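Not measured: the values here are computed from a predicted model.
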Amino acid sequence: MNQLPLTVKRSIELLGLCLIIALFSVANAIIMPLLMAFFISLMLLPMFRFLRKIKIPEIIAIVLVILAAALIVILILGFLSLQIASLVKDFPQLEKNLNQHWTTLSDWVNRNLNLSADQQIKVLQEQGTNLLNNAGSYLSGAALSLTGVFVFMGLLPIYIFLILFYKNLLLRFIFLWFNRDDHPQVESALRETEVMVKSYLIGLMIQVTYMTILLGGILMIIGIKHAMLIAIIFAVLNLIPYVGALIGNIIGVLLTLTSSPELWHVFAVLIVITVVQFLDNNILMPRIVGSKIKINALVSIIGVIIGGTLAGVSGMFLSLPMIAILKIIFDHTTEFRHWGILLGDERPGLSPMTNPAVRLRNRHVRKPDAEDEEE
């Protein structure tokens with residue numbers, strides 16, 4: 001490939017990128033369970049190695065780590081179910097609060113938009129009719145989505161078992177893919193990928209735990225009903241970079257509106273979420289996994305959008321570690337190092353337009369100072 005013209009090289013790179021995106025679009029139902037199983041397998045690898053170290057047979061060790069992971073998931077779902085059951089139990093009070101908020105909103109609309117209550121009801125009826133007309137397609141789509149979730153969850157333990165069982169075979173295949181002279185770089189990339197993925201995913205588990213406890217505890221202290229449910233939903237959605245926090249705020253506001261007749265509770269929830277998120281983003285999370293993921297914000301947002309478009313929620317969740325793995329691969333190659341620079345967050349302190357030395361591929365990029373910012 002070194003003998004090809006530069007335009008041909010770049011065209012091949014862009015074509016490969018388009019083919020990868022097309023492959024995910026067409027076969028995401030096959031690829032996403034495999035990717036999720038791969039990431040979970042890396043997270044379970046330390047436990048598996050420990051069990052092997054104490055002489056537990058390989059198959060039994062794999063089964064034990066899968067059962068341990070399944071037990072954690074069951075406990076989390078059980079706790080979430082209890083919170084949802086508590087919400088359902090309060091349904092009469094929720095209906096009363098909704099009616100009260102609707103009356104307040106209706107009066108405001110009537111005063112400021114000159115839209116009477118009858119006209120508001122007419123608009124709602126029209127929208128309800130449109131919703132019912134499309135209910136069949138919505139339900140069929142939901143049924144297909146639910147079926148996909150069950151298939152996804154059923155394939156996960158099978159894939160995890162097989163990936164752990166055949167990990168040496170898969171590693172040998174990767175090394176055989178490259179020339180012998182490149183094996184040190186390949187080994188370095190594999191080890192760095194393992195450390196990054198384990199640190200990132202274990203860090204996310206820790207993040208969900210402390211955000212649930214911290215956010216739920218503060219909301220309970222100030223008297224917010226269903227505080228733990230709000231905390232769990234926000235902590236889980238916050239795993240989706242950038243987009244998840246916004247959705248979590250909206251759901252938190254809606255749950256607070258339905259469970260409380262007081263509007264100040266809504267502002268209290270928003271303030272508490274903002275404070276907890278600030279602590280998480282600037283103090284807690286950077287100390288846990290912040291140094292492992294070096295992806296700039298622009299690429300992260302684009303990756304989340306593309307991942308959500310191609311593979312839904314799972315694609316949004318896996319977008320950041322997938323981009324990080326690609327960056328590791330690019331950084332360990334000479335031909336594609338420029339893509340690693342594009343994905344990273346090492347912003348040049350000097351402009352390449354006025355400083356030709358910054359344009360060099362292997363030049364060290366220093367952090368910007370005040371004078372660079374002015375430039």
Side-chain angles (χ1 to χ4, degrees), residues 31-79 152-213 235-236 239 284-294 314 317-318 320-329 331-332:
I31 296 174
M32 294 312 296
L34 274 172
L35 283 175
M36 183 68 78
F38 167 72
F39 288 124
I40 295 176
S41 298
L42 286 181
M43 191 168 57
L44 298 176
L45 204 53
M47 186 188 303
F48 170 74
R49 287 172 176 163
F50 172 76
L51 294 176
R52 292 291 293 145
K53 189 176 181 180
I54 60 177
K55 308 300 183 183
I56 293 180
E58 185 176 18
I59 294 180
I60 297 177
I62 295 174
V63 172
L64 288 176
V65 296
I66 293 175
L67 289 177
L71 180 61
I72 294 173
V73 173
I74 291 172
L75 290 175
I76 294 173
L77 292 178
F79 183 72
F152 188 99
M153 299 304 295
L155 288 174
L156 266 184
I158 298 173
Y159 284 154
I160 293 171
F161 179 91
L162 294 175
I163 289 173
L164 290 174
F165 186 74
Y166 289 111
K167 66 181 179 64
N168 291 335
L169 175 66
L170 297 173
L171 288 172
R172 188 185 180 205
F173 167 77
I174 293 174
F175 280 107
L176 290 174
W177 188 284
F178 298 92
N179 294 325
R180 187 170 184 176
D181 294 339
D182 297 326
H183 285 184
Q185 284 287 80
V186 175
E187 181 182 354
S188 176
L190 289 173
R191 292 189 183 279
E192 190 174 339
T193 298
E194 179 184 345
V195 171
M196 182 277 300
V197 172
K198 286 192 298 187
S199 300
Y200 180 68
L201 294 181
I202 293 175
L204 290 185
M205 292 180 61
I206 297 173
Q207 181 191 32
V208 170
T209 302
Y210 72 66
M211 284 198 72
T212 300
I213 295 173
V236 172
L239 297 181
L284 299 174
M285 201 59 181
R287 297 178 181 273
I288 300 173
V289 297
S291 59
K292 302 297 181 183
I293 303 293
K294 294 292 186 179
S314 58
F317 171 69
L318 296 179
L320 203 57
M322 288 171 62
I323 294 173
I325 290 176
L326 287 176
K327 184 182 185 306
I328 292 172
I329 295 172
D331 286 343
H332 284 79

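Evaluation of the side-chain hydrogen bond (donor to acceptor under 3.5 Å, both in side chains) rule for Arg52 yields no partner, not counting sequence neighbours.
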In a table with atom names and distances, give each donor-acceptor pair under 3.5 Å that connects a side chain of residues 164-183 to protein atoms at least two apart or in another chain.
{"from": "His183", "atom 1": "NE2", "to": "Phe175", "atom 2": "O", "distance (Å)": "2.8"}
{"from": "His183", "atom 1": "NE2", "to": "Phe178", "atom 2": "O", "distance (Å)": "3.4"}

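Within the model, atoms CD1 of Ile328 and CG of Leu190 stand 10.0 Å from one another, a figure rounded to the nearest 0.5 Å. Remark: Ile163 CD1 to Leu34 CG distance equals 6.0 Å, nearest 0.5 Å. Between Leu35 atom CG and Met322 atom CE the span is 5.0 Å, to the nearest 0.5 Å. Taken from CG in Leu162 to CG in Leu155, the straight-line distance is 10.5 Å, to the nearest 0.5 Å.
For the residue pair Pro33 and Leu156, the shortest heavy atom distance occurs at O-CD2, 3.7 Å. The heavy-atom pair separating Met47 from Ala68 by the smallest distance is SD-CB, 4.1 Å. Between Met196 and Pro321 the shortest heavy-atom distance is CE-O, 3.9 Å. The minimum heavy-atom distance linking Ala235 with Met211 is given by the pair CB-CB, 4.0 Å. Closest heavy-atom contact between Ile66 and Pro157: CD1-O, 3.7 Å. Residues Leu51 and Ile54 come closest through the heavy atom pair O-CG1, 3.2 Å.
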From CA spacing to verdict: side chain to side chain contact (heavy atoms under 4.5 Å, CB included), Phe48, Leu64 = CA-CA 8 Å; Phe48 170 74; Leu64 288 176; over 6 Å; no

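Formation of a donor-acceptor pair under 3.5 Å by the Thr209 side chain with backbone atoms of Met205 is found in this model.
Looking at heavy atoms from C-beta onward, Leu318 lies out of side-chain contact with Phe38 at the 4.5 angstrom threshold.
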